[in-house]
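The structure appears below as structure tokens.
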Amino acid sequence: MNLECFGCSGGLALGFRRAGITFDLAIDADPDACASYEANLGHRPVQMDARDFLRLVQQGWRPKTRIDFFAVDPPCTPWSRAGKRLGQADERDMLGVTVELIDLLRPVAWVIANVPGLDDADQWELVVKPVIGGMATRAGYCVDYASFDAADYGVPQRRIRPWWFGHPVGTPCIRWPAPTHCDPAELVTLPLPGIAP
């Protein structure tokens, strides 16, 4: 079983679908986001606040089959460089909820996406290491990290996102994709065979 939380309008799910991964259950609290997700992907997420979902899990709910993959993109507002950056003090912060869900559900693998700001040096020490990285010691996960700009992969906009991928200790680390695009000014011109430069 594959699970997604904070599905929004389905952009992350669409990307995973194109990579061959579909979600059996998606959850989002916003009715407009659920409607957009349904329009974009053909099925509607369960409309539920992640805190309510966490309460169900704390009370013993589990899917009938193991969770192979859990994709989570918690609200970015608490961490965004464009906002007040209240982090864990922001009532909209769901990073703690996210980590507790992973701790309780124990998916085989998981991914957390967010915005630049969460991976800034100050947040890295105060939040990322103890909260996300803490799962390495608590739950037996190895946590891989990378930050990507969508423009480096052919998307016509600069959109930088940090990613954390958790997998069981002892299993291979993820091979993050190499960029496919770049600024034309960075291209190296190679001489044609038999033609002097």
Side-chain angles (χ1 to χ4, degrees), residues 1-17 21-120 123 126-135 138-139 141 143 145 159 161-166:
M1 173 184 193
N2 298 320
L3 172 64
E4 179 184 27
C5 198
F6 311 108
C8 297
S9 61
L12 190 63
L14 180 59
F16 276 112
R17 179 187 281 181
I21 297 171
T22 57
F23 294 108
D24 303 293
L25 175 63
I27 297 168
D28 198 285
D30 184 86
D32 293 331
C34 290
S36 293
Y37 191 109
E38 183 177 23
N40 290 328
L41 288 132
H43 63 279
R44 190 175 184 88
V46 172
Q47 186 178 331
M48 177 185 287
D49 188 291
R51 291 167 287 212
D52 293 330
F53 181 51
L54 175 58
R55 279 191 280 278
L56 285 174
V57 172
Q58 288 169 332
Q59 292 171 13
W61 178 88
R62 296 296 183 275
K64 292 181 180 177
T65 59
R66 77 175 187 184
I67 299 173
D68 293 310
F69 184 61
F70 187 20
V72 195
D73 191 0
C76 303
T77 312
W79 311 103
S80 174
R81 294 175 186 154
K84 296 180 180 176
R85 301 193 73 195
L86 298 176
Q88 293 173 307
D90 192 314
E91 65 183 19
R92 298 165 293 185
D93 175 45
M94 296 287 172
L95 189 59
V97 169
T98 293
V99 168
E100 191 168 352
L101 283 168
I102 292 169
D103 278 344
L104 293 171
L105 292 172
R106 298 295 172 106
V108 175
W110 49 266
V111 68
I112 296 173
N114 214 270
V115 292
L118 179 55
D119 61 342
D120 286 349
Q123 298 304 328
L126 293 173
V127 179
V128 173
K129 275 183 163 179
V131 178
I132 297 175
M135 285 186 286
R138 287 192 315 273
Y141 289 109
V143 182
Y145 162 81
R159 184 172 174 84
R161 303 280 288 180
W163 299 83
W164 291 269
F165 177 74

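Predicted, not measured: the structure shown is a model, and the values here were computed from it.
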Heavy-atom closest pair, residues [X] and [Y]:
| X | Y | answer |
| --- | --- | --- |
| Met1 | Thr65 | CB-OG1, 3.5 Å |
| Pro116 | Pro162 | N-CD, 3.6 Å |
| Phe6 | Asp73 | CB-O, 3.2 Å |
| Leu41 | Ala13 | CD1-CB, 3.9 Å |
| Asn114 | Pro74 | ND2-O, 3.2 Å |

4.5 Å side-chain heavy-atom contact, [X] and [Y]:
| X | Y | value |
| --- | --- | --- |
| Ile132 | Leu95 | yes |
| Val57 | Leu101 | yes |
| Arg106 | Ile67 | no |
| Val128 | Leu118 | yes |
| Met94 | Asp49 | yes |
| Val111 | Val72 | no |
| Asp93 | Pro75 | no |

Item to complete: Assess the side chains of Tyr37 and Glu4: does a donor N or O sit below 3.5 Å from an acceptor N or O?
Response: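 Tyr37 vs Glu4: donor-acceptor pair found between side chains.
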Counting distance only, does the side-chain N/O of [X] pair as donor-acceptor with the main-chain N or O of [Y] below 3.5 Å?
| X | Y | answer |
| --- | --- | --- |
| Asn40 | Ser36 | yes |
| Arg17 | Thr22 | no |
| Asp120 | Gln123 | no |

Got a sec, which residues hit side chain to side chain contact (heavy atoms under 4.5 Å, CB included) with [X], two or more places apart in sequence or on another chain?
| X | value |
| --- | --- |
| Cys8 | Asp28 |
| Arg66 | Asp68, Val108 |
| Ile21 | Asn2, Phe16, Phe69 |

Can you tell me how far the [atom1] atom of [X] sits from the [atom2] atom of [Y], to the nearest 0.5 Å?
| X | Y | atom1 | atom2 | answer |
| --- | --- | --- | --- | --- |
| Arg51 | Arg55 | CZ | CZ | 7.5 Å |
| Asp52 | Gln47 | CG | CD | 11.0 Å |
| Arg138 | Glu100 | CZ | CD | 9.5 Å |
| Ser9 | Glu38 | OG | CD | 13.0 Å |
| Leu54 | Asp103 | CG | CG | 10.0 Å |
| Lys64 | Asp24 | NZ | CG | 13.0 Å |

May I ask you to decide if the ring planes of Trp164 and Tyr145 are parallel, tilted or perpendicular, using 30° and 60° as cut-offs?
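Rings of Trp164 and Tyr145: tilted, 30 to 60°.
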Could you point out which residue of Tyr141, Phe70, Phe165 forms a ring pair (Phe, Tyr, Trp, His ring centres under 6.0 Å) with Trp110?
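Only one option passes, and that is Tyr141.
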For Ile102 and Ile112, run side-chain contact (heavy atoms from CB on, under 4.5 Å): C-alpha distance rounded to whole Å, both residues' side-chain angles, the deciding distance at 0.1 Å, then the answer. CA-CA 10 Å; Ile102 292 169; Ile112 296 173; 4.0 Å; yes
### Message
Counting only heavy atoms not in Arg62 (residues, nucleotides, ligands), do more than 12 fall under 6.0 Å from its CZ?
### Response
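Yes, the 6.0 Å shell around CZ holds more than 12 heavy atoms from other groups.
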